[in-house]
Number of protein chains: 2
Amino acid sequence: MADDNVVFVGKKGTMAYVLAVVTQMNQGAKEVIVKARGKAISRAVDVAEIVRNKFITDAKISDITTSTEEISSEEGKPLKVSAIEIKITK
Amino acid sequence: MADDNVVFVGKKGTMAYVLAVVTQMNQGAKEVIVKARGKAISRAVDVAEIVRNKFITDAKISDITTSTEEISSEEGKPLKVSAIEIKITK
């Protein structure tokens, strides 16, 4: 899958990511993957729920997977964070 | 399913919920459902990841679903929040 079918949810407002997903789907993407790590996971779920309930009502959440990723903290120590991938399909 | 196979993740520390899941599985539960709403969703994913990676390595996350629930805010207004259910099976 091309990278432009992935929306990585971070610290912006929820609607910025909703708009990104909706834009990709309106441009013809049949599938968009919403990814997030750590505290942004809650926002990623909000994004997926808002997309399918308010904007693209024929879209479905077809798969959700979680994983644990190791990142480097600011002090260079390894740090484990949870990650989520939510696949939205229409 | 009996209610005692559900762990509802809230504002306590992550390990309190990990312990609740591990205890239920060690007492014979083949399946535990971890539920959370709103900002606690990130913590619920942490709980599931820690259970399967550190404590019960033969456990799997067999299903994850999300939904939107309507709750009443403190002022009595309806408020929509995202919710997650993570099914852990061994």
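In what follows, chains carry the letters A, B, and so on, assigned in the order in which the sequence lines appear, proteins first and then strands, with residues in each chain numbered from 1.
The environment of B:K90 atom NZ is dense: over 12 non-hydrogen atoms of other residues, nucleotides or ligands sit within 6.0 angstrom.
Here CD1 of A:I41 is found 12.0 Å from CZ of B:R43. Values are rounded to the nearest 0.5 Å. For the atom pair B:I64 CD1 and A:D63 CG, the distance stands at 8.0 Å (nearest 0.5 Å).
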Apply side-chain hydrogen bond (donor to acceptor under 3.5 Å, both in side chains) to residues B:S67 and A:E49 and explain how you reach the verdict.
CA-CA 7 Å; B:S67 59; A:E49 285 291 319; 5.8 Å; no

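Residues A:M15 and A:V9 fall within the same hydrophobic cluster, defined by Ile, Leu, Val, Met, Phe, Trp and Tyr side chains chained together at heavy-atom separations under 4.5 Å. A:V21 and A:L19 end up in different hydrophobic clusters when Ile, Leu, Val, Met, Phe, Trp and Tyr side chains are linked at under 4.5 Å. Two different hydrophobic clusters hold A:I71 and A:F8 under the rule that ILVMFWY side chains link at heavy-atom gaps under 4.5 Å.
For the pair A:T66 (side chain) and B:V45 (backbone), a donor-acceptor distance under 3.5 Å is absent.
For B:R52, the part sitting under 4.5 Å from any heavy atom of chain A is the side chain, from C-beta outward, and nothing else. Both the backbone and the side chain of B:D46 come within less than 4.5 Å of a heavy atom of chain A. Interface residue B:I61: only side-chain heavy atoms are found under 4.5 Å from chain A.
A pairwise comparison of heavy atoms in B:A40 and A:S42 identifies N-OG, 4.5 Å as the closest pair.
With respect to chain A, the highest number of heavy-atom pairs below 4.5 Å among B:V81, B:T65, B:T68 belongs to B:T68.
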